[in-house]
Number of protein chains: 2
Amino acid sequence: MTSAQRRPRGRPSQPVLTAERITEAAVRLVEARGHDALTVAALARELGVAPSALYNHVSTKNEVLRRVQDHVNREVDCSAFGRLPWDEALAAWARSYREVYARHVPLVPVIAVTPVRGAPHTLAMYERVAAGLRAGGWPEHLLVDAVVAVESFVLGSALDTQAPPDIFEPGEHAGSAPTFAAAVRARGGGDAAGAAFELGLGALVAGLRAVLAAADGAGAPDPRGS
Amino acid sequence: MTSAQRRPRGRPSQPVLTAERITEAAVRLVEARGHDALTVAALARELGVAPSALYNHVSTKNEVLRRVQDHVNREVDCSAFGRLPWDEALAAWARSYREVYARHVPLVPVIAVTPVRGAPHTLAMYERVAAGLRAGGWPEHLLVDAVVAVESFVLGSALDTQAPPDIFEPGEHAGSAPTFAAAVRARGGGDAAGAAFELGLGALVAGLRAVLAAADGAGAPDPRGS
DNA sequence: ACCTGAACACCGTTCAAGT
DNA sequence: ACCTGAACACCGTTCAAGT
């Protein structure tokens, strides 16, 4: 069904413009010069064609973005599932996921709304996560919600990596926010976004353990410890 | 220091263009016609001036966006702090926060990187949250990380509200993702994004209760229940 | 001090014309 | 079938000229 297959005779000729080639060029461009550099004009330049030529193979720039996003998802490491208990594997997946999207922040709003059909690598990632959670005892009906919850936290945390280190410095209005200002001062230096992510990830995964235990049956211990 | 103060004599004259007025007009525009309608040209039109006139009062469109974001934060309901236990108040705050940013999705990447200095309403929100958590027993050094963790989850969940209902429908590649496809089918219909948010919020808050209990002292029960 | 109007350097996208 | 080149309808921003 590709245009290569529709080219049955004659010499192999020159490399042809395809959606796949456009995606690869877009990934190259983003990796080399960042997301701001990904314009239709730059993409066409990279491929040695006129900008309008691209529209014979993709219908919109957003389609290119969706293809890039699926491509980027291959970088997310799901290998911990099957090797570690589900909760540790989930945390490892979340760490890798966040790291990848911290390098591709403009794709965060894209992945949040892009259907998995037509995004094979994204689908493959979810399959590995789902299989790992099922093997860990998660019931089918809660599984997707649990994945989405972790994903929401991960993507929000990926955005947070872009915050300047002094984002919470209250400046001139410190007097009107004494409690918060003191808490900001008491916060450890260094990788603040990373510390918040680890705190939240630990809490979220612990809470999910409790959800699973409660779903498993009434004999499970009370996770609140009260 | 405002331009009104620098206008000591003469009649009150006509309403003057100020950063505050520009912000109000921007909020009006967004509320009436959505974020896509917020262009410099439309904003100038709303105010009855030439687009270039705005640059006498704000240095960039992004500054307008930051001002709108701070304004929007007033809508987030923090009233549960002081009225309810910290964990319930935190959950109520998170629900309101998500709801507001679900209506202002384009502001999500803005709030994630905007310093609180010069954002008085945002700072006031954090102060109420911080005071509520302190009263609930949270130590200063963990407080901001806990808030950031919840915020990351909230903002990710706000993005997730924009996902189409069939975002996880695997389509033609369902065969390569049987576990995930089955879990998607087993998922309840209705407000899927809402269900994932509530599952994650419950888990995150439960996990934070455990973090606090562990920080409070060695006598606290083991949250894992093992 | 602050507004206007023209201009600039971009965007993504369309489409008639070519081959 | 697919590419080029010109054009379109926008963007945000700058700046000389006015008052």
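Residue numbers begin at 1 in each chain, while the letters A, B, ... track the order of the sequences.
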Subject >> Protein-nucleotide distance (R21(B), atom CZ; dC3(C), atom C1'), rounded to Å >> reply: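 For the pair R21(B) CZ and dC3(C) C1', the rounded distance is 16 Å.
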Original post:
To the nearest Å, how far apart are L17(B) CG and dC3(C) P?
Top reply: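 Answer to the nearest Å: 5 Å.
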**OP:** Report the residues that fulfil side-chain contact (heavy atoms from CB on, under 4.5 Å) with V113(B), sequence neighbours left out, ordered by chain and then residue number.
**Re:** Q162(A), P164(A)
Identify all side-chain donor-acceptor contacts of residues 30-54 of chain B below 3.5 Å with residues at least two apart in sequence or on another chain.
from	atom 1	to	atom 2	distance (Å)
T39(B)	OG1	A42(B)	N	3.0
E46(B)	OE2	R28(B)	NH1	2.8

Original post:
In Å, rounded to the nearest 0.5 Å, how long is the span from CG of L201(A) to CZ of F197(A)?
Top reply: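 With rounding to 0.5 Å, CG (L201(A)) is 4.5 Å from CZ (F197(A)).
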**OP:** Could you tell me which non-hydrogen atom of V58(B) sits nearest to which non-hydrogen atom of A19(B), and how far apart they are?
**Re:**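 It is CG1-CB, 4.4 Å.
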Subject >> Taking every non-hydrogen atom, the tightest pair across L204(B) and V150(B) >> reply: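 Result for this residue pair: CD2-CA, 4.0 Å.
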**OP:** Check DNA chain D against residues 26-35 of chain B and give the residues with a non-hydrogen atom under 4.0 Å, in numerical order.
**Re:** none
Whether [Y] and [X] form a salt bridge (side-chain N of Lys/Arg under 4.0 Å from carboxylate O of Asp/Glu) is what I want to check.
X       : Y       : result
D77(A)  : R95(A)  : no
R185(A) : E140(B) : no
E63(A)  : R67(A)  : yes

List, with names and distances, any nitrogen or oxygen atoms from the protein found under 3.5 Å away from nitrogen or oxygen atoms belonging to nucleotides 7-12 of chain D.
from	atom 1	to	atom 2	distance (Å)
dG12(D)	OP1	K61(B)	NZ	3.0
dG12(D)	OP2	V40(B)	N	3.1

**OP:** Could you give me the CA-CA distance, side-chain angles and deciding distance for W93(B) and R128(B), then say whether side chain to side chain contact (heavy atoms under 4.5 Å, CB included) is met?
**Re:** CA-CA 10 Å; W93(B) 171 64; R128(B) 297 186 70 176; over 6 Å; no
Subject >> Six-ring centre of F168(A), R187(A) cation under 6.0 angstrom, axis tolerance 45° >> reply: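 Negative - R187(A) is either too far from the ring of F168(A) or too far off its axis.
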Original post:
Can a side chain N or O of H57(B) be found less than 4.0 Å away from OP1 or OP2 on dC3(C)?
Top reply: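 For dC3(C), OP1/OP2 do have a side-chain N/O of H57(B) under 4.0 Å.
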Original post:
Should V64(B) and T23(B) be marked as a side chain to side chain contact (heavy atoms under 4.5 Å, CB included) after you check the CA-CA gap, both sets of side-chain angles, and the distance that decides it?
Top reply: CA-CA 6 Å; V64(B) 177; T23(B) 305; 5.7 Å; no
Original post:
Which of parallel (below 30°), tilted (30 to 60°) and perpendicular (above 60°) describes H121(B) and H71(B)?
Top reply: perpendicular
Subject >> Stepwise side chain to side chain contact (heavy atoms under 4.5 Å, CB included) test for R103(B) and E75(B) >> reply: CA-CA 11 Å; R103(B) 286 186 284 112; E75(B) 299 178 36; 3.0 Å; yes
**OP:** Enumerate, in order of first residue number, the stems that involve DNA chain D, defined as 3 or more consecutive Watson-Crick or G-U wobble pairs with both distances under 3.5 Å.
**Re:** C:4-8 with D:12-16, C:12-16 with D:4-8
Produce the list of close N/O pairs, under 3.5 Å, pairing protein atoms with atoms of nucleotides 4-6 of chain D; give distances to one decimal.
from	atom 1	to	atom 2	distance (Å)
dT4(D)	OP2	A50(A)	N	2.6
dG5(D)	O6	S52(A)	OG	2.5

